[in-house]
Amino acid sequence: MVPARVLGLLLCVHVCMGSEELRLVDGGGRCAGRVEVKHQGEWGSICSYDMQWDAREASVVCRQLGCGTVAHASPYAPFGQGKGRIWLHTIFCQGTETTLQDCSHYGWGNHFCGHEWDVGVICTEALELRLADGRGPCEGRVEMKLRGRWGTVADGAWGMNHAEVVCQQLGCGSAAHTTFTSHILEAHSTLMLARVNCKGTEKAIWDCNIQSWGPYSVKTDYNASVVCQGFSRLAGGDSECSGRLEVRQGQTWVSVCHGHVDLMAAQVVCRELGCGTALALSGAEPFGVPAGLFWNGAFECNGTEPFLSACTKRPPHIQNCTQPATIICSPYNGFRLADGVSVCDGRVEVEARGVWGTLCATAWDMPDAHVLCHHLGCGSAVSLPPHGHFGMGTGMPRSDASDAVGASGTRASARGGSKQLAGGGRGRCAGRVEVYSEGTWGTICQDSGPCRMPLLSAGQLVRTGLEAPGSEHFGPGTGTRWWCWACAGTEDAVCTARPVPARLPGVAAVRPVCSGLLTCG
């Protein structure tokens, strides 16, 4: 005969409606670990058998703690056995309960399982995924972060289905290529996931059927490498760093409307593509007319996102758009002086996509040198030694990077007298902005959208821009026309360095009016 006490527990299951606290411990953070509840001022664990603890019960925990959805649940003390009381032995959850105590259980302090059945949960907010040691955020070795540390992912049948899930989860479009290798190590490495079976349609790698959750300390280096197609690209330009902005919509590339991205988004795109800073953002069509559909939305970025897909998506505010956004990025990521006696003299070298090369300067002069020296924190330029003075260098020679210098400084010198305000303004601090390049003065132009007026700092013509009058207020310019600069307002020099393409329709000159009360130059 079943004792009356046990029969009563089985027939009269408690439902707790109290306000007890819940936590996850020993999981490296608040969103992963052994489930514990505080009752009568004392913390205790929760135990359950495997048929009574699954994703429904665990989802209540993750939701109650604000940790996203459940990634993994286990009743086998995956985060170690508790030391104190076992407060609850859960029986069943519908998955819609507000708190875990709302699920059916045997009552506070009543349980038929020991600490070896203490339940654990990993919520999605405790996990991170990345592609490491690649040329950008969309290619590299697959790594997952759990319990505060990064580790690898392994599966003997790793293939394109796995890679597709990884790329889509990271916002990197579809998978282009993947490999899986392993070799024995002398030291230990960390393995986070093993025996991972993906269909290719999962939203995250931890949504796949995973047989083994780590971390495990192993003496084998597992390397699941993935190359994604990327979410954004610049099409129709002369390199990967300029052209029409296009993004992936499923398996198709679609254009982005010119009014649905701003300079912050352009900076994110340039960084995602491994290019330098954004030099120009335009709604003109110097890179050809787009074919096909437009992305149905706008991007709002703060400028720190690793790729465009990480930016906030907003509803489109331009309907039936026909004009794509075009972006020109600097092809260069860095500058240095090599083979001199210090970091402030030497042969000029530029970096493109992680590779350094010597600058082949066809029109390099003191104004350019001044800007580069200032950019490197070396003050003003003193001299321009003859070609070959610091050796010939190695690696791929780069074409004249004067426009690349403009990505961080300007094609015009900060002290070389290579910019002016012209067109009959009130003194030298008002007028049409012109830049001197290769013996000719040319006008800086703005496109059909507003051009950000920079607050030009030390070494520039003016300190503060007070007004930017209407188009051609100081008369049309002559000579070479230059793109509207892309400035945040704090740069030490005007950030333009690229002539307007011949195919670009007519543009208007930039006309700043500056304060005559502040020291200029």
Side-chain angles (χ1 to χ4, degrees), residues 13-16 20-37 44-82 86-106 111-129 144-147 151 153 155 161-162 164-166 168-169 192-216:
V13 172
H14 271 273
V15 177
C16 172
E20 280 73 9
E21 298 178 51
L22 191 74
R23 70 181 182 183
L24 298 175
V25 297
D26 295 339
R30 59 175 294 270
C31 291
R34 183 176 61 255
V35 184
E36 292 189 350
V37 64
S45 59
I46 297 174
C47 72
S48 186
Y49 298 126
D50 51 4
M51 75 287 291
Q52 298 170 336
W53 185 261
D54 57 21
R56 282 184 302 186
E57 285 73 25
S59 66
V60 176
V61 174
C62 293
R63 184 171 59 252
Q64 181 177 347
L65 294 175
C67 290
T69 59
V70 59
H72 179 59
S74 173
Y76 304 109
F79 296 94
Q81 297 183 18
I86 295 178
W87 272 126
L88 292 177
H89 180 168
T90 60
I91 300 176
F92 176 76
C93 293
Q94 293 180 339
T96 58
E97 292 83 356
T98 303
T99 69
L100 187 63
Q101 302 94 282
D102 297 336
C103 298
S104 59
H105 56 82
Y106 290 116
H111 56 89
F112 300 97
C113 47
H115 279 300
E116 68 275 12
W117 292 92
D118 283 347
V119 298
V121 173
I122 300 174
C123 305
T124 54
E125 290 297 312
L127 303 173
E128 294 182 50
L129 184 71
M144 193 181 80
K145 188 177 184 181
L146 174 61
R147 303 196 191 188
V153 177
D155 185 79
N161 283 350
H162 301 79
E164 182 70 16
V165 174
V166 170
Q168 293 290 350
Q169 180 179 349
M192 285 301 179
L193 298 179
R195 293 188 289 173
V196 182
N197 183 18
C198 297
K199 298 177 182 177
T201 57
E202 295 86 353
K203 292 184 178 180
I205 188 71
W206 40 80
D207 292 337
C208 298
N209 183 8
I210 300 171
Q211 299 295 315
S212 301
W213 284 76
Y216 302 107

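Numbering starts at 1 and runs along the sequence shown.
- With Cys123, the cysteine Cys67 has an SG gap of 2.5 Å or longer.
- Shown here for Phe79 and Val25, the closest heavy-atom pair between the two residues is CB-O, 4.1 Å.
- The two residues Arg147 and Pro215 come nearest to each other via the heavy atoms NE-CD, 3.7 Å.
- SG distance check for Cys31 and Cys62: not under 2.5 Å.
- Between Trp117 and Ile86 the shortest side-chain heavy-atom distance does not fall below 4.5 Å.
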Checklist entry - Are Cys208 and His162 close enough, and set up right, to give a side chain to side chain contact (heavy atoms under 4.5 Å, CB included), and what steps lead you there? => result CA-CA 9 Å; Cys208 298; His162 301 79; 5.8 Å; no

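- Atom CD of Gln169 is separated from atom CH2 of Trp206 by 4.5 Å, given to the nearest 0.5 angstrom.
- One finds the CG atom of Asp207 at 7.0 Å from the OG1 atom of Thr69 (value rounded to the nearest 0.5 Å).
- By the 4.5 Å heavy-atom criterion applied to side chains, Trp87 and His105 are not counted as neighbours.
- Asp26 pairs by the salt bridge (charged side-chain N to carboxylate O under 4.0 Å, His left out) definition with Arg34, not counting sequence neighbours.
- Here the CG-CD1 distance, from Leu127 to Ile205, works out to 11.5 Å after rounding to the nearest 0.5 Å.
- Annotation for Ile210 and Ala194: closest pair CG2-O, 4.0 Å, computed over non-hydrogen atoms.
- The distance from the CD1 atom of Ile122 to the CG atom of Leu146 is 4.5 Å, given to the nearest 0.5 Å.
- Two residues are said to be in side-chain contact when any heavy atoms from C-beta on lie closer than 4.5 Å; Thr99 and Leu22 fail this criterion.
- Of the possible donor and acceptor atoms, one in the side chain of Gln64 sits under 3.5 Å from a partner among the backbone N and O of Leu100.
- A 4.5 Å side-chain heavy-atom check between Val70 and Thr124 finds every atom pair outside the cut-off.
- The closest donor-acceptor contact from the side chain of Arg23 to the backbone of Gly33 lies at 3.5 Å or more, if one exists at all.
- Listed by first and then second residue, the salt bridge (charged side-chain N to carboxylate O under 4.0 Å, His left out) pairs involving residues 195-204 amount to none (not counting sequence neighbours).
- Between Tyr106 atom OH and Thr90 atom OG1 the span is 9.5 Å, to the nearest 0.5 Å.
- Side-chain atoms of Asp118 and His115, non-hydrogen and from C-beta on, do get closer than 4.5 Å to each other.
- Of all heavy-atom pairs spanning Phe112 and His89, the tightest one is N-ND1, 3.1 Å.
- Between Val60 and Glu57 the shortest side-chain heavy-atom distance does not fall below 4.5 Å.
- For the ring pair (Phe, Tyr, Trp, His ring centres under 6.0 Å) condition, the pairs that include at least one residue of residues 53-73, sequence neighbours left out, are His72-Trp213.
- In this structure, Lys145 NZ and Leu129 CG are separated by 12.5 Å, a value rounded to the nearest 0.5 Å.
- Closest approach of His111 to Cys47, counting heavy atoms only: CB-SG, 4.0 Å.
- Contact between Ser48 and Pro75 at its shortest, heavy atoms only, is O-CB, 3.4 Å.
- Under the 4.5 Å side-chain criterion, counting only non-hydrogen atoms from C-beta, Arg56 is not in contact with Gln94.
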